[in-house]
Amino acid sequence: MIGRYDAAINGTWLSEIGDSVVITDISEHEAKTRISTAEKAIDNGLRFIRRQRESLSVSISFVIFEQDVERRKDILMRVQSWAAAVSGSVSRLEINDRRGQYLLVRYAELPAMASAMNYQDEMTVVFTAYELPYWMDQHPSQTTITGDGSLFVPGIGETLVDAEITNTGSGTITALTLACGETSLSFSGLSLGNGQTLSIAHDDLGILSAKIGSTSVLANRTAE
């Protein structure tokens with residue numbers, strides 16, 4: 001049975017588990033946000049410091065239209081395995097009304113069967129994004145620049161920047177500052193020779209790496 005909604009974990013769509021599995025609704029919950037403040041010295045009110053998005057959850061409700069109790073529970077176990085699938089430590093969630101986007105999630109609540117008798121009972125699985133609680137484009141915005149340049153990045157969240165800096169000169173680069181928006185990343189004591197590339201990247205957990213070839217240069221970051 002084909003429904004209006006579908007969801008995928010690491011590229012496997014829930015509809016592929018069986019024709020009896022039908023998603024009835026997909027709910028994107030309001031992001032959990034923490035606001036940091038400090039007391040003002042001489043008058044009332046608080047001083048705003050920052051707003052931090054902590055997590056973003058998505059609930060997927062579905063029905064297993066299978067009257068055979070044993071088979072229905074077997075299908076539910078397959079749905080639970082699908083929901084708990086882990087690639088590394090997080091999974092990529094896609095939903096069919098957000099084509100071209102994904103959310104890096106962990107499962108928060110696995111579905112359970114409340115009634116073995118009522119095969120039309122609705123069940124729900126909940127996924128939550130913690131490390132990067134924003135929907136992201138599968139194809140990141142990118143550009144090539146020499147010196148200063150600009151790049152339009154759609155969306156509402158803070159964007160992680162990955163970069164590859166290639167030395168096209170004849171000498172060796174020993175110090176480098178990469179600036180983007182209001183942030184910058186500086187290195188000293190480098191040995192970036194002609195034709196070599198410094199690769200700055202983030203993994204699925206948002207953890208930074210900086211390498212020349214296979215050699216990490218994170219230790220060469222300056223205190224600033």
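Because the structure is predicted, anything quoted here is derived from the model rather than measured.
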Seminar exercise, completed: Heavy-atom closest pair (Arg72 atom, Ser115 atom, distance to 0.1 Å) is NH1-O, 3.1 Å

For this session: Over all heavy atoms of both residues, which pair between Thr222 and Ser188 is shortest? Give the atoms and the distance, please.
Result: CG2-OG, 3.8 Å

Problem set entry | Ser59 and its side-chain contact (heavy atoms from CB on, under 4.5 Å) partner, picked from Val125, Thr124, Ile26 | Thr124

Nearest 0.5 angstrom please: [X] [atom1] to [Y] [atom2], how far?
{"X": "Ser27", "Y": "Ile95", "atom1": "OG", "atom2": "CD1", "answer": "10.0 Å"}
{"X": "Met77", "Y": "Leu110", "atom1": "CE", "atom2": "CG", "answer": "11.5 Å"}
{"X": "Ser55", "Y": "Arg53", "atom1": "OG", "atom2": "CZ", "answer": "9.0 Å"}
{"X": "Trp82", "Y": "Thr12", "atom1": "CH2", "atom2": "OG1", "answer": "9.0 Å"}

Problem set entry | Remaining members of hydrophobic cluster (4.5 Å side-chain criterion), Leu192 | Ile165, Ile173, Leu176, Leu178, Leu185, Phe187, Leu190, Leu198, Ile200, Leu208, Ile212, Val217, Leu218

Mind checking whether [X] and [Y] sit in one hydrophobic cluster, side chains of I, L, V, M, F, W, Y counted as touching below 4.5 Å?
{"X": "Leu93", "Y": "Ile17", "answer": "yes"}
{"X": "Trp13", "Y": "Ile64", "answer": "no"}
{"X": "Trp135", "Y": "Val161", "answer": "no"}
{"X": "Leu104", "Y": "Val126", "answer": "no"}

Within the structure provided, determine whether [X] and [Y] are in side-chain contact (heavy-atom separation under 4.5 Å).
{"X": "Asp6", "Y": "Ile23", "answer": "yes"}
{"X": "Asp162", "Y": "His202", "answer": "yes"}
{"X": "Glu224", "Y": "Ser186", "answer": "no"}
{"X": "Arg106", "Y": "Val90", "answer": "yes"}
{"X": "Ile75", "Y": "Val21", "answer": "yes"}
{"X": "Ile60", "Y": "Asp25", "answer": "no"}

For this session: Go through the steps to decide whether Val79 and Phe62 satisfy the test side chain to side chain contact (heavy atoms under 4.5 Å, CB included), and finish with yes or no.
Result: CA-CA 10 Å; Val79 174; Phe62 64 95; 3.7 Å; yes

Problem set entry | Ion pair check, Glu66 and Lys73, cut-off under 4.0 Å | no

Exercise. Does a sphere of radius 6.0 Å around CG in Asn44 hold more than 12 heavy atoms from other residues, nucleotides or ligands, not counting ones at 6.0 Å or beyond?
Worked result: no

Exercise. Is it true that atom CD of Gln138 has more than 12 heavy atoms of other residues, nucleotides or ligands lying nearer than 6.0 Å?
Worked result: yes

Problem set entry | Partner set under salt bridge (Lys or Arg N to Asp or Glu O under 4.0 Å) for Arg98, not counting sequence neighbours | Glu28

Exercise. Residues in salt bridge (Lys or Arg N to Asp or Glu O under 4.0 Å) with Arg34, at least two apart?
Worked result: Glu54

